Structure formats: C-alpha cells, structure tokens
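Model, not experiment: these values are computed from the prediction. Note that these values count all heavy atoms, side chains included, but never hydrogens, waters or copies made by symmetry.
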Amino acid sequence: VQAGFWSLTLAVFFSGLLMLPATFCMGANFAYLVAANRLYNTNVHQSDRAVGRIYAANTFGAVLGTLTAVYLFLPAFGFIGGSICFSLTSLMAVVTILVYKRKLPPSVAGVVQKVEPKQLRSDKKPASFHWLLLLFLTGLFGIGYEIAVVHDLKQVLENTVYSFANILSVYLLGAATGSWWYQRRRDKTGEVFRIMRMSLMALSIFPVINMLLAVLIASERSAIAGNHWHFGINLFLEWLIAFLFFFMPAFVMGVLFPSIFHFTKRGQTGRAYALNTLGSTLAPFVFGILLLPILGGQWILFLIAVLYTILLIWLRKKLHLKWIGVGVFSLALIAGLIIPKNPFVQTILPDGWKVLAQKEGYQGSVVVTELPGHRGPLDLPMRILQVNGKFKMGGGASFLEKRMGHLPILLHANADTVLFLGLGTATTLGAALEYPLQDITGVEIQPEITSVLPLFSEFHNNATKSKRTQIHTADARNFVRRTAKKYDLIVCDLYHPARDGAGMLYTKTHYENLRDILSEDGAVMQWLPLHQIVDEERNIVLRTFLSVFPEAHLILGSYNAQTPVVGVYGSKEALKWRMGRVQNLLYRGKVRSSIENPSDLSNSYICGPELLRSVVGKGPLNTDTHPRLIFDAPKQVYRPIEDLARQNFEWILDLRREFPSALLSMEDPQLEARLKNQWNAAGLYLEYLFLESTGKGNQALKKLIEAYQLAPEFSPARGKLQQLRNSNEPDAGFLNK
C-alpha cells in the first residue's frame, strides 16, 4: 500500500492491463484504416497523404469523446451507464462499416475479399531507423510535455474532473487541428522536410515559452483564482489557460506525426504507430513517476527543450538544416536557464513569510511557509502547509485541527486503536497522543507531506517519533481494503469533494469497507467542510453515510461561521456518553487547550440519526459506479466561500434543537443541568456568530450578551466580550459598565 515509485508503477501497469482489450482494438483500428486507404487508393502519393486526414479525424473523435464523457454521459448515467453509451457508439461504427462495404464498387470489394496478408507487407526494406526512432521519441516527449505542464497548472486550476477534461480536450484538439492543417498544406506544397524542420524547431522553443507563461500566470494568480464568478465563466477561463499552454505545442505535434509517417514504407503502418504509442506509454513512467519528484514541472520543460534541440542536431543533415538555424533556436535554452523555476511559490507568500521547505511530487507541489517571530493559536508557530497553493493547514487552523482529533476520541471514550485517514500537518492525529491509546495509525497519500511532518512536531506532539504511532504513505481506499487490523475508531479528514477524485472517499463502498475493519464497538467520524459544498452535495454525503451507519450523529467541529466544519459520527452500537470516562480522559495529565471540559463535548452536539435522516430525505447516494460528487461538487467550487458557509451555518442552527439528555450516562443531575445550561449558551453564541456574519451587529451583540448572562463560565462568549471590551470600537464602550 505504500504510495512510492513501485506502487505507482504497478498501479499504472495493472490499470493498463485492464484496459488492454479496448486499447488493443483502438491501436489496430488506426493501422487498419491507413492500410485500407492505401489498398483502395491506387495512387501511392495520394494514399500516403491521407494519413494526416485519418489521424485528424480519429483525434477529433477523441476530443468529442472526452467532452461528452465528462460533461454528459458520466454525470447523467455513471460509469456503467456511460460505458454502455460508448459501447453503442462503437456498435454504430460497426453498422457503418457494414453499410459502407455493401456500397463499395464490385471491383474494390473483390480486391478486399481476395487480398492476402503478404500483399499488405512492403516488398522493400523497412522504414529508416531514424524515422521510426523519431516517432518513438516524439511520442515520449509529447506526453512528457503534457505531464510537466499539467503539474504546473495544478497551482492555478481548480483540479476538478472538468479541469483535466478541458486540458485533455485542448491537447487533442491541437493535435487534430495540426494534423488536418498538415494534410491541407501538404496537398498544396509537398514540402515535407520543411514542415518537419519547422515543427522540430518550434517544439524546441515551446517549452521555454511555456516556462515564461507560467511566470506570467503566477503573477496574476490571485485574479485568476477568484471564486466569485459563475461556474461557466470559470470553466471558460480554465479552458483558455489550457489553450494558451497546450494548443500550439499540440498543434505542432499533430503536424509532426504525419510528416514523419510519410517516410515509413507501405505495410509499416502498424509498426510506426506502435512505436509512437509506445513512447507515449512510457512517458508517464519516465517523466511522471521517475523525474517529476526530482526535477519538478519547470525543469522537466527545460529538459524537453534540450532533448528537442538534440533531435535537431541529430537530424540536421536529413532536414537540410544549417548550423546557424540550430544555434538560433538553441538560444532558447539559455533563456530557459534564467527563468524562475518555482514561479508559483512566490505568489503564495505574504509579506514577511519565508519558505522552509518545498517538495514536488505526483499529486502536486507541497510548500511549508513560516512567519518568523510570530505565534498562532495554542502558542504554536505561524507555520503553514500548502498543497498546490490552495489547501492550507496549520497556522490559525490548528485549533480546529486539534479539536477534530479530540472530539471523536471523547465520543468513543473507550477506543484503544485509532486510524486517521488524511494527515496534513498531523495535528489531528497528534491530539490522540494526549490520551492513553496504544495504537495510532495515520495514512497520507502524498509522500511529500509525510516528508515535511518533522517541521510540525510542535503541532502533532512529535507523533513521527512516538512508538505508539505508525504513519503510512498510501491511498486511503487501498489501505482500508488491504489492512488486516481492526480499529476501534476511524477518523476521516476534511476531503474537498470536488478535487482530485476525493469524491471517491465519500462513496457507499468506501464506508462499507470502513465498517468492515471496525471492532465490535467501533465508530467512524467523517469530517465535512461545509464551506466547500452546497446543500445537495452535503445531503448526498450524509445520506450515503446513513445507509451504512444508521446510528449517525452530527457534531460541530468548532465555533466558526466563516469555515464551518461538522463531523458525522457513526457507530455499530447506539451512542452513549460516558461522562465519567470523559472527565478522566480530559483531566488525565493536563487540561487540553482546545477542549476545556466535558461541556465542550456536549456543546458540540447538533442532532441525532432520526432528525438527520428526516432532513436529508430520500434521494441518490454516492456510489463507486455513480460517484455523483466528482461531477456535481465542482459546479459549486467557484461559488464564494462566504455564501456556502452562511447557508450551511444557518442549516446547523436549524438542526440544533434539543439537548441530548438521552445520550448522557451519569448519576449527577446537577452536572446534567450545568451541561444543558451551557449547551443553550452555546446555541446563543452560534446565533451571535451567524448574525455577525450577515452584518447584523446590534442583534448579534444582544445574543452574545444573552449567552454570557446564561452561562458566564462559557468561555467563548466570555472571551469575545472581553475582546470587544478591550477594542477601540465606539459601540463597545458600554461593556465597561
């Protein structure tokens, strides 16, 4: 389950084996189309020229398939239904061939029936080694180029399924258009050498141009990444960025393929196409898995520019290229050396912050930054972990991250083995070390994140060196399926449902797998970022969770109206709070700074399974065969966070209706009364936060005062009043009275 070089290599390899029947037929299809065209066309020169037209038509079809799959068939019908739709289109192709064959002239049909395999072979020597090798290398460099640019664009784009579909469609569109242009141009001029020479020269400078583009895009990152636009506008913007980076390089690659193909001999179609595809197949291993973590996207682009320049020098005589031409285009390499190689890192640094570490990896870029000399909540350093410049962990968020570890442990109270899926700074996992747990396991998919965890030792209580903890670099779904251990408690981190396939961590199958590795009294806590999803997606997640864990309760992460976080806690047995056990856990050693007393636990309670089930209602689930979140959640990722937070926070207030007396297991009625009193005060404080976020300051202040008057020991209300009293705001002067 380790997410290292070999595991990724094996994953790609076995994925390829699963797709082999279909891809084998696709590869043979192109070779047969070219061979059939040469067979029907007695004019050798005209039949060779048709390769560009065939390749263009085939690639235009791939563009259409990409867009219809992601935007139409898969969202509407899921993976199974979408596969059936494309199977029907293949059936249409078969019917078309049968109909076309019937309409062939008798003379051609007779040739097709009588042709022997040896007639398709060349009676001349095989194509020159130079051209076959060039087809292989251009396939290798072309996909390597795409991998490097996609890696860099992750810093700018939203990285949803639509982002990658747009990139792929632009890349294919460029290649198809280039091949079509070559066909038209070749018909008029026939200057194959000149076209090939100009193509290779262009490809030697395009990587450097894209390096410059990355610097320009990075400088305008804040404007491009704005989340105040409509979904359609942002999709167009992402498509435009992909167009700037990919269209012209892919266009030239589309020109280059049929121009090289021109020099292959009749009967060598399959071999030539196979070598080009083999290069494309090896590119993810060479550039993506092997070189990307070492060099990063920008240095890979520079390397590809060097490799294309070497090709120019190697083929200089065959292409009739003068040394001065090679020298002029080699100047691009000098320019590439002086272009900043990490343009996106500087744009995420506010004034005074510095970079402590930067790692390039398979999932993107990981950067650790710090504001020297400053301390944040809980007296922790102002140190932040950022993934692709978007997800920020640590710093001021550490208070919430600690509570996300404390609350599920206190809810279970008897857990001894705990599994954390998703680590970030490991602050949540580190909270578990403050309890007498014997076995704490953490799983993080990005090795770059686990490598920088020592920089956050103050955040996670030195978890990386503790004998009680085990940290695995692995995919969460794979780890859960393969582990033989049983866990008393599983804590699932905040996965953004719209990005990088994270929606698969909210499917029914995944939750069933979690249930299977729970002990007899085990429980699962799934944290949800309500400021990142709308009500429909939120209800899909909760409905899916309830289908596996009927005993599900909703828990508030922290008092925050700007970025509200809730946890849905599902257990095999009915939830019962053992308050005596909770008190022993809390006061063992030192009092936790993010959890003060048992009332912090009860104050966080929102509602139980009956109310939750009635609110989410009946509707679709998120399943492996129809992962709705992957396609639905991205439509909301561009909405302002403030709107999503406000709507979901109001939903929380509506659900928080009754103190959960039935869950308490205690013999002290006075303690129950105090807990209920504080629970009501917490409700008033939440109303204060909501009214304040909507700009209703006077009404909000009344709620805050009511919360303090009801329970002066409720520290959030007391602390906020003290803060207002010490402020210089004119309206806060009366608080001194």
Side-chain angles (χ1 to χ4, degrees), residues 1-24 26-27 59 62 65-66 69-70 133-155 157 159 161 163-172 174-175 203 206-207 210 242 245-246 249-250 253-254 256-257 273-308 359-366 388 445-448 473-475 478 499-501 504:
V1 297
Q2 295 299 314
F5 174 82
W6 289 112
S7 66
L8 284 173
T9 301
L10 289 173
V12 174
F13 175 76
F14 284 111
S15 298
L17 285 181
L18 289 174
M19 298 175 65
L20 184 60
T23 54
F24 178 87
M26 293 175 189
T59 312
T66 299
V70 174
L133 180 59
L134 188 58
L135 281 169
F136 169 80
L137 292 176
T138 51
L140 179 71
F141 299 163
I143 299 301
Y145 184 97
E146 182 185 17
I147 289 169
V149 176
V150 169
H151 175 81
D152 285 340
L153 287 183
K154 284 182 178 182
Q155 312 293 313
L157 306 183
N159 301 329
V161 65
S163 302
F164 298 114
N166 292 340
I167 290 174
L168 181 57
S169 66
V170 169
Y171 186 87
L172 293 172
L203 289 173
F206 272 133
N210 272 5
F245 277 88
F246 276 117
M253 293 173 195
L256 190 59
F257 175 77
Y273 187 62
L275 284 171
N276 183 261
T277 307
L278 178 61
S280 302
T281 303
L282 294 178
F285 296 95
V286 175
F287 292 101
I289 297 178
L290 182 62
L291 294 180
L292 190 60
I294 301 172
L295 300 179
Q298 293 282 285
W299 277 111
I300 285 181
L301 285 176
F302 180 77
L303 174 62
I304 290 174
V306 172
L307 293 173
Y308 273 119
K359 305 285 185 179
E360 301 287 344
Y362 314 116
Q363 304 292 326
S365 178
V366 172
N388 289 330
I445 190 171
Q446 289 190 253
E448 297 75 33
T473 306
D475 174 77
N478 290 338
R499 294 190 173 109
D500 287 342
M504 299 301 292

Euclidean distance, [Y] [atom2] relative to [X] [atom1], rounded to 0.5 Å:
{"X": "L137", "Y": "L307", "atom1": "CG", "atom2": "CG", "result": "8.5 Å"}
{"X": "M253", "Y": "L203", "atom1": "CE", "atom2": "CG", "result": "5.5 Å"}
{"X": "L168", "Y": "T66", "atom1": "CG", "atom2": "OG1", "result": "4.0 Å"}

Closest non-hydrogen atom pair between Q155 and S365, with its separation: NE2-CB, 3.1 Å
What closest approach, in Å, do L292 and G297 show between heavy atoms, and which atom pair accounts for it? CD1-N, 3.8 Å
Using a 3.5 Å cut-off and no angle test, enumerate the donor-acceptor pairs between side-chain atoms of residues 141-152 and protein atoms at least two apart in sequence or in another chain.
residue: Y145; atom: OH; partner: N210; partner atom: ND2; Å: 2.4
residue: H151; atom: NE2; partner: E360; partner atom: OE1; Å: 2.5
residue: D152; atom: OD2; partner: Q298; partner atom: NE2; Å: 2.7

Name the atoms and distances for all side-chain donor-acceptor pairs under 3.5 Å in residues 278-291, with sequence neighbours left out.
residue: S280; atom: OG; partner: G139; partner atom: O; Å: 3.4
residue: S280; atom: OG; partner: N276; partner atom: O; Å: 3.2
residue: T281; atom: OG1; partner: T277; partner atom: O; Å: 2.8

Please enumerate all residues that pass side-chain contact (heavy atoms from CB on, under 4.5 Å) together with A62, with sequence neighbours excluded. L172
With sequence neighbours excluded, residues passing side-chain contact (heavy atoms from CB on, under 4.5 Å) with L157: L153, N159, S163, I167, E238, I241
Which residues pass the ring-ring contact (aromatic ring centres under 6.0 Å, His included) test with F302, sequence neighbours left out? W299
Test ring-ring contact (aromatic ring centres under 6.0 Å, His included) applied to F257 - qualifying residues, sequence neighbours left out: Y55, F261
